[in-house]
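Working notes, beginning with the structure itself.
Here, residue 1 is the first one in the sequence, and each next residue gets the next number.
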Amino acid sequence: MSRIVVVGGSLGGLRATEALLARGWEGEIVVLSAERHPPYTRPPLSKALLAGTPDLSAVELRRRPETDAASWRFGVSAVRADLRARHLTLSDGSELPYDGLVAATGVRPRRLPERVTRNGFTLRTLDDCIALRPLLSPGTRLAIVGAGFIGCEIAATAAGFGCAVDVVALDTAPMKVPLGELVGTAIQRRHEAHGVRFHLGRSIRAVESSPSGHALLLDDGSRVECDVFVQAVGSAPCIEWLEGNGLDLTDGVECDNSLRMGGLPGAVAVGDVARFPNPLFDNVPRRVEHWQMAAETAARAAATLLADLSGTTDESGPFRPLPWFWSDQFEMKLQSFGSPVLGERVEVLDGDLAGEAAVGYYRGERLVGAVLLGMPKAAFRLRKQILASLASDALEPA
């Protein structure tokens, strides 16, 4: 009997398992999950779950009954893979051969250098949320290092139930990297209207910690005093277990358009860890850390892997997913479509940034992305506009 091993038991690993079974795989499936919990969804961790009572039942992903046919091994991860021998070494010391491999190990939070501090929470897992939530209450002084999506969502959630929130970041505007200065500044104004204080363009030289709290010492000589602080300084793909296989691991694992790692048959990657070319935009391999992308890459990777194992050709055609994500911050519902980070020119298409607005991101004359601040009814129209613009000269996959 043939065996497929799925390394990673979160959303991408679950969706890959479901897709393999839905496509008729009758062999063995082993799912390795470093976490002790069954698969759950992560977006609520910085929003609704952090504002309430963290509990697995509120975020656990509904699993199709057929996924019980897979062997789920929690608290176990892969520490080394030999892709040519098709063999894994696991964290419990055991060895596991396979016929097909799915890499779904996702990302881990980055942290400040240890010379700066070893303290501070991160927020990536349910256990992180369970540990952080009891420390936040009205009047708690909370400092957040980083003004990306997670940092801004935590700030909005904590300020919403009465914490005094300071955000420190190197960037000159919140979420500047994915959304640009124009939209980032508009988001900053919304946060400031709810009492959030920003210290932008600043780095942390040191952190003084004591039983009574912490002091973040900034590069301009100022201090941010807090009771609790959270590090939200980005993420790093979990790819160490794939080293030694000749793969490009500079940012996740480079895949072809069919999601084969390094173009090798029998080994695919899905979700946050996969860096692949999307000919909807160009032939440059990129990672996309969006919830929706885990499901789309899982479906495509399953088709690729089963074709490889059966010696057939996958007739799916080029993989051209349109990225999409959302973020809830205070009363604002933010949605993004396409790839705003590729935009060279930003234009307000409708509305006003002080209220609700639709913002377009152009590369040359092509609309490559759009962001909605509110205006949910415009989502369908903007998706169609982006797809129409990109389809005009869509590329063939590399």
**Study point:** Exercise: do Asp227 and Thr140 side chains pair donor with acceptor under 3.5 Å
**Key:** no
Check your understanding: What distance separates Leu45 CG from Cys129 SG, expressed to the nearest 0.5 Å?
Key -> 5.0 Å
Check your understanding: Is Glu344 atom CD crowded by more than 12 heavy atoms from other residues, nucleotides or ligands, each under 6.0 Å away?
Key -> yes
Exercise for review: Rounded to the nearest 0.5 Å, what's the gap from CD on Glu254 to CD1 on Ile239? Could you check?
Suggested key: 13.0 Å
Practice item. Return yes if a side-chain donor-acceptor contact under 3.5 Å exists between Glu289 and Ser235, otherwise no. Key: yes
Check your understanding: Under the ring-ring contact (aromatic ring centres under 6.0 Å, His included) rule, what pairs show up with a residue in residues 194-240, not counting sequence neighbours?
Key -> His191-Phe198, His194-Phe330, His214-Phe229
Practice item. Answer yes when Arg15 and Glu18 have at least one side-chain N-carboxylate O distance shorter than 4.0 Å, and no when they do not. Key: yes
Exercise for review: Give a yes-or-no answer on whether the side chains of Thr89 and Glu95 include a donor-acceptor pair shorter than 3.5 Å.
Suggested key: yes
Check your understanding: Just how far is it from atom CG of Leu142 to atom CZ of Phe121, taken to the nearest 0.5 Å?
Key -> 10.0 Å
Exercise for review: Output the distance between atom CG (Asp328) and atom SG (Cys152), rounded to the nearest 0.5 Å.
Suggested key: 13.0 Å
Review point. Could Asp256 and Arg260 be called an ion pair, given the rule that one side-chain N must be under 4.0 Å from one carboxylate O?
Key: yes
Check your understanding: Are Met261 and Val31 joined in one hydrophobic group, where the rule is that I, L, V, M, F, W and Y side chains link up if heavy atoms are under 4.5 Å apart?
Key -> no
Revision key, fill the gap. The reported gap from OG1 in Thr125 to CD1 in Ile130 (rounded to nearest 0.5 angstrom) is 8.0 Å
Check your understanding: Per the side-chain contact (heavy atoms from CB on, under 4.5 Å) rule, which among Ile29, Leu14, Leu32 passes with Trp72?
Key -> Leu14
Check your understanding: Between the side chains of Trp291 and Thr41, does any donor sit under 3.5 Å from an acceptor?
Key -> yes
Review point. Do the charged groups of Arg345 and Glu347 touch, with an N to O distance under 4.0 Å?
Key: yes
Pairs of donor and acceptor atoms involving the side chains of residues 372-388, under 3.5 Å and at least two apart or interchain, shall be tabulated with distances.
{"unit_1": "Arg381", "atom_1": "NH1", "unit_2": "Gln385", "atom_2": "OE1", "d": "3.1"}

Check your understanding: Do Arg202 and Asp219 meet the salt-bridge criterion of a basic N to acidic O distance under 4.0 Å?
Key -> yes
Exercise for review: Return the orientation label for the His37 and Tyr40 ring planes: parallel under 30°, perpendicular over 60°, tilted otherwise.
Suggested key: perpendicular
Practice item. Taking the side chain as every heavy atom from C-beta outward, state whether Asp282 and Arg286 have any pair of such atoms under 4.5 Å apart. Key: yes
**Study point:** Polar side chain donor-acceptor pair, Thr172 to Glu181, under 3.5 angstrom
**Key:** yes
Review point. Between Arg86 and Asp99, is the closest basic N to carboxylate O distance under 4.0 Å?
Key: no
Check your understanding: Can you tell me if CZ on Arg223 sees more than 12 non-hydrogen neighbours from other groups inside 6.0 Å?
Key -> yes
Point to revise | CG on Leu56 to CG on Asp127, rounded to 0.5 Å | key: 9.5 Å
Check your understanding: Tyr361 and side-chain contact (heavy atoms from CB on, under 4.5 Å): which partner among Val341, Val183, Leu182?
Key -> Val183
Review point. Considering only heavy atoms from C-beta outward, does the side chain of Arg3 approach that of Pro97 to under 4.5 Å?
Key: yes
**Study point:** salt bridge (Lys or Arg N to Asp or Glu O under 4.0 Å) partners of residues 38-49, not counting sequence neighbours, each pair once
**Key:** Glu35-Arg42, Lys47-Glu153
**Study point:** Pairing of Asp166 and Arg141 as salt bridge, 4.0 angstrom limit
**Key:** no
Check your understanding: Regarding Asp55 and Thr53, is there a side-chain donor-to-acceptor distance under 3.5 Å anywhere?
Key -> no
